[in-house]
Amino acid sequence: MPNGDPGSPCQFLISREANLPPIWQSIRLEAGYTTATVELPSSGAVTGIITLPTLNLQEGQRVLLWASGHARNWPADCYTHAELRIRVNGVNLPQGGATRMMTDFRYSPQQYTWVHAWAISATYIVPATGSYTFSLVGQRLSTFSGTGCGMYVGGDGTAQPQASLIALILPPE
């Protein structure tokens with residue numbers, strides 16, 4: 001407890017240079033989710049899934065990012081390959097922040113839909129003070145078999161859990 005101060009909830013105790021006591025600093029949590037089912041079009045176009053509100057950040061702040069959810073195919077008998085990615089200000093994160101997956105759906109003798117869980121994590125260090133928007137996007141890369149195949153991310157909260165994007169904003173060092 002620097003100077004007898006126990007801090008407040010959601011604060012970190014941050015060390016400073018030699019001979020200075022540590023200080024309490026707050027963290028921020030921003031979260032977005034969708035219960036809607038988002039179809040990734042067969043054109044290969046990048047499709048928005050979730051966008052967090054614009055954040056005003058300081059140079060040197062670290063943003064820990066986490067996205068997770070489920071994907072599936074419907075209604076054709078097919079395999080589909082896709083990529084999900086986190087972006088900052090409309091640009092792919094420079095390192096990490098993406099996952100590739102294949103989903104499938106089968107007829108014969110019954111319908112089987114395999115629901116695939118996915119997760120992405122990344123750290124972003126703010127290069128300059130300003131406004132930043134983080135988003136989760138998806139792109140269908142190819143369909144290996146079947147016609148009329150759709151690839152879907154997220155869901156209605158019953159048959160498919162939602163997709164989510166979380167940003168934990170740490171104070172600058």
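For reference, positions follow the sequence shown, starting with 1.
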J.: Working to the nearest 0.5 Å, report the span between OG of Ser164 and CD1 of Ile50.
T.: 6.0 Å
J.: Evaluate side chain to side chain contact (heavy atoms under 4.5 Å, CB included) for Arg100 paired with Leu141, printing each intermediate quantity in order.
T.: CA-CA 9 Å; Arg100 287 191 176 191; Leu141 302 174; 3.9 Å; yes
J.: Mind checking who shares a hydrophobic cluster with Ile125, ILVMFWY linked at side-chain heavy-atom distances under 4.5 Å?
T.: none
J.: According to the salt bridge (Lys or Arg N to Asp or Glu O under 4.0 Å) rule, which pairs have a member within residues 85-98, sequence neighbours left out?
T.: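 Listed once each, the pairs are Glu83-Arg85.
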J.: Is the closest side-chain heavy-atom distance between Thr51 and Leu136 below 4.5 Å?
T.: no
J.: Using side-chain contact (heavy atoms from CB on, under 4.5 Å) as the criterion, point out the one residue from Leu65, Val126, Leu57, Leu64 that pairs with Ile169.
T.: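 One option only clears the test, and that one is Leu57.
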J.: Which pair of heavy atoms, one from Glu30 and one from Leu55, lies closest together, and at what distance?
T.: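 Shortest heavy-atom separation between Glu30 and Leu55 comes out as CG-CD2, 3.4 Å.
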J.: Given a cutoff of under 4.5 Å between side-chain heavy atoms of I, L, V, M, F, W and Y, with clusters grown through shared members, what are the other residues clustered with Val46?
T.: Val137
J.: Ala163 and Ile49: which non-hydrogen atoms are nearest, and at how many Å?
T.: CB-CG2, 4.5 Å
J.: Please give me the minimum heavy-atom distance between Ala82 and Leu40, naming the atom from each residue.
T.: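 Nearest heavy atoms, Ala82 then Leu40: CB-CD1, 3.9 Å.
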J.: Quick one: does His81's side chain get under 4.5 Å of Arg140's, heavy atoms only?
T.: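 The answer is no, as the side chains (C-beta and beyond) never meet within the 4.5 Å cut-off.
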J.: Is there a side-chain contact between Thr133 and Leu52, using heavy atoms and a 4.5 Å cut-off?
T.: no
J.: Would you please name every residue forming a side-chain contact (heavy atoms from CB on, under 4.5 Å) with Ala119, sequence neighbours left out?
T.: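 Once residues adjacent in sequence are excluded, the partners of Ala119 under the side-chain contact (heavy atoms from CB on, under 4.5 Å) criterion are Trp66, Ser68.
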J.: Output all residues satisfying side-chain contact (heavy atoms from CB on, under 4.5 Å) with Asp5, sequence neighbours left out; order by chain, then residue number.
T.: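 With neighbours one apart ignored, the set is Trp24.
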J.: Between Gln25 (side chain only) and Phe12 (backbone N and O only), is there a donor and an acceptor less than 3.5 Å apart?
T.: no
J.: What distance do Leu165 atom CG and Leu84 atom CG have between them, rounded to the nearest 0.5 Å?
T.: 11.5 Å
J.: Using every non-hydrogen atom in the two residues, find where Asn56 and Ser131 come nearest and quote the distance to one decimal.
T.: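 Smallest interatomic distance, heavy atoms only, reads OD1-OG, 2.9 Å.
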J.: Measure the spacing between CG of Leu168 and CZ of Arg62 and express it to the nearest 0.5 Å.
T.: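 Going from CG on Leu168 over to CZ on Arg62, the span is 10.0 Å.
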J.: With a 4.5 Å heavy-atom cut-off, do Pro41 and Thr47 have their side chains touching?
T.: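 Yes, their side chains come closer than 4.5 Å.
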J.: For residues 117-127, which residue pairs qualify under side-chain hydrogen bond (donor to acceptor under 3.5 Å, both in side chains), counting only residues two or more places apart or in two chains?
T.: none
J.: Test of understanding: clusters of I, L, V, M, F, W, Y form through side-chain heavy atoms closer than 4.5 Å, transitively. Do Ile23 and Leu20 belong to the same one?
T.: no
J.: Looking only at heavy atoms, which two atoms of Pro22 and Pro2 are closest? And how far apart?
T.: O-CB, 3.3 Å
J.: Please report the C-alpha distance between Leu13 and Gln11 in whole Å, then the side-chain angles of each, then the deciding distance to 0.1 Å, and finally whether the side chain to side chain contact (heavy atoms under 4.5 Å, CB included) criterion is met.
T.: CA-CA 7 Å; Leu13 189 57; Gln11 285 190 316; over 6 Å; no
J.: Crowded around Tyr132 OH? As in, over 12 foreign heavy atoms under 6.0 Å?
T.: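 Yes, OH of Tyr132 has more than 12 neighbouring heavy atoms, counting only those of other groups under 6.0 Å.
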